Every structure is written in C-alpha cells, then in structure tokens.
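Here is the structure we will look at, set down as structure tokens.
This is a predicted model, so every value here is computed, not measured. Numbers restart at 1 for each chain; the letters A, B, ... are given by sequence-line order, proteins then strands.
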Amino acid sequence: NAGVMQNPRHLVRRRGQEARLRCSPMKGHSHVYWYRQLPEEGLKFMVYLQKENIIDESGMPKERFSAEFPKEGPSILRIQQVVRGDSAAYFCASSQGSSGANVLTFGAGSRLTVL
Amino acid sequence: ILNVEQSPQSLHVQEGDSTNFTCSFPSSNFYALHWYRWETAKSPEALFVMTLNGDEKKKGRISATLNTKEGYSYLYIKGSQPEDSATYLCAYDNYGQNFVFGPGTRLSVLP
C-alpha cells in the first residue's frame, strides 16, 4: 500500500533551467496539496488541486510556477527559469476529501537545488 | 493573511519530563485543526484531527485539547522519551480550501 510518492527526491538545476516535480497521491486520494519549505522555515502552502482542477493557488508565485493534476498520471509542479531562491524542499500531500476531518498524507519531499 | 502561531519555537527537556506546547489560530469561522509530527529526514505524520470546541484527543502518551472560541490548542507529552524528539506542527483548515501550517515547535528530549 504505497503512500504518497514524490520524485525526484533530489534535483539539481542551473539558473534558467526548468524543474518538474512529480507527486503520485495515495491510492484512493483525489486531493493533492503542494507545500514549500525554505531553509530554516516551516511549510508554506502553494497550491491545492483535485483531478483536473486547481482549487486554490493562492500560495503560488505569480510567475514561473504552475501545477497540474491530470485525469491520468501524477500531479506535477513545474518551475520555469529557476533562480537560486527557488532552492527548497517541496512537499506534496494528499487526502481523500476536502473536509477538515481528512488528514494529509505527506510524501518524502523533493529537494531542489539551484546552482 | 491567516496567521497560525506556535510556541515555543524550540524546547529541550529531559527524558521522563512532561511537556506541552501551544498552537494559536483564528477563532472565527473555525473548521478543523490538525497536529502533525515531523521527524528529521522523514515526512510529517498526522497525530490528531480536532473539529469541536472542547475536543480532547489522546494517543499513547500524547494528547491534545482544543479551544475554538479563543483560538488555541495544546499538545501534551507525558513522560517524554528520546523518540519523541521531532518538530510538532499544527495546521489550520482554511475553510476546506487549504491547510495553513504553523512554524512548528522543535522538541529535543535528552536522555
């Protein structure tokens, strides 16, 4: 019973390149959340998606960042033209529903390093 | 901007000591509050989901209380053990839209 799978675990990119982070939610979960952890900081909400829909992207930077959760396949967080400030750990979590009673199950995170 | 605060930021206790820390959140339009435990090099894991004012939840030596009217929740650990060392996060459910996490309390239990 695989949990939330994130890949890659570690990604190194040079400034200006693109980074793609993938998240496969737990089986039976149709809600996906992306969080970013900057060095020495907590988890900051980025985006909340259901299958094929973005529900809340209030935490996403306006430029260069996008997310999707297609009908088939994993959710993808895409960062275009990365800059050093994008270096962080990106965590994905999934849940069965949007009710507050539904706990989040987290993946192991993807650590992005921008050189 | 929703503000979820936790105190203290970090805590060092001796093995066997009991301890507690606080999560404060907006008291209006409360929906749910979660507690998570985050060990170094692992993923956050859910401890409790709390939805009703006055809720008390318990799991082994760890328990939590909830006061939605004044906007705070306490997490208690009785007889701390070194394996309790972790960062404890609370998360406020923002109307089913997203979860706003507090900055966490980093607990170190010294043997």
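In summary, the aromatic rings of Phe101(B) and Phe45(A) are positioned with their centroids too far apart to meet the 6.0 Å limit.
Within a 6.0 Å sphere centred on NZ of Lys51(A), heavy atoms belonging to other residues, nucleotides or ligands number more than 12. Open room surrounds CD on Gln9(B); 12 or fewer heavy atoms of other groups in view lie less than 6.0 Å from it. Under a cut-off of 6.0 angstrom, the local environment of CD in Glu45(B) is sparse, with at most 12 non-hydrogen atoms contributed by other residues, nucleotides or ligands.
When the side chains of ILVMFWY residues are joined at heavy-atom separations under 4.5 Å, either directly or via intervening members, Ile55(A) and Tyr35(A) end up in a single hydrophobic cluster.
In this structure, the portion of Gln37(A) lying under 4.5 Å from any heavy atom of chain B is its side chain and not its backbone. Heavy-atom distances place no part of Thr105(A) under 4.5 Å from chain B, backbone and side chain included.
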Under the side chain to side chain contact (heavy atoms under 4.5 Å, CB included) criterion, do Trp38(B) and Leu43(A) qualify, and how do the steps go?
CA-CA 11 Å; Trp38(B) 193 0; Leu43(A) 292 170; 3.8 Å; yes

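Taking a 4.5 Å side-chain heavy-atom cut-off between Ile, Leu, Val, Met, Phe, Trp and Tyr, the cluster of Val32(A) extends to Leu11(A), Leu21(A), Trp34(A), Met46(A), Val47(A), Leu49(A), Ile54(A), Met60(A), Phe65(A), Phe69(A), Leu77(A), Ile79(A), Val82(A), Tyr90(A), Leu112(A), Val114(A). Through direct or indirect side-chain contacts shorter than 4.5 Å among Ile, Leu, Val, Met, Phe, Trp and Tyr, Leu52(B) is connected to no other residue.
The candidate from Ala91(B), Pro44(B), Gly102(B), Gly104(B) with the greatest count of non-hydrogen atom pairs under 4.5 Å with chain A is Pro44(B). For the set Ala89(A), Gly59(A), Gly107(A), Gly42(A), the count of heavy-atom pairs under 4.5 angstrom toward chain B peaks at Gly107(A).
Counting only distance, with no hydrogens or angles, the side chain of Tyr36(B) and the backbone of Leu104(A) share a donor-acceptor pair below 3.5 Å. Tyr48(A) places no side-chain N or O within 3.5 Å of a backbone atom of Phe99(B) that could act as its donor or acceptor partner.
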